[in-house]
Amino acid sequence: MEENLGRKRIEEINRIANKSGKTKDPQYNRGLIAIKKFGYEYVMGNHDVEYWCKCNNL
């Protein structure tokens with residue numbers, strides 16, 4: 001059950017990232033690009049990715 005919730009969270013983050021566009025914030029953009037390019041599950045823990053998640057209340 002817990003694994004399923006984690007999978008749903010990853011899918012939600014990937015879905016939101018794919019809909020999102022770049023901003024003037026370079027750290028936000030680096031996190032967004034990393035998620036779009038590799039998928040959240042492969043870049044989670046990266047400082048820029050975590051910053052992007054915080055900005056999007058994830």
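Heads up: numbering here begins at 1 and tracks the sequence.
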What distance separates [X] [atom1] from [Y] [atom2], expressed to the nearest 0.5 Å?
| X | Y | atom1 | atom2 | answer |
| --- | --- | --- | --- | --- |
| M44 | I35 | CE | CD1 | 10.0 Å |
| L32 | N18 | CG | CG | 8.5 Å |
| E50 | L58 | CD | CG | 10.0 Å |
| T23 | W52 | OG1 | CH2 | 11.5 Å |
| K54 | Q27 | NZ | CD | 9.5 Å |
| H47 | R30 | NE2 | CZ | 8.5 Å |

Any Lys/Arg nitrogen of E12 or R15 sitting under 4.0 Å from an Asp/Glu carboxylate oxygen of the other?
yes
According to a 4.5 Å side-chain heavy-atom criterion applied to Ile, Leu, Val, Met, Phe, Trp and Tyr, with indirect links allowed, do I16 and I33 form part of one hydrophobic cluster?
no
With sequence neighbours left out, the residues meeting side chain to side chain contact (heavy atoms under 4.5 Å, CB included) with N46 are D48, V49
Closest heavy-atom pair and its distance - Y28, G21
CE2-O, 3.9 Å
Backbone of N14 reached by a side-chain donor or acceptor of K19 within 3.5 Å:
no
Those residues that, when tested against D25, pass side-chain hydrogen bond (donor to acceptor under 3.5 Å, both in side chains) (two or more places apart)
Y51
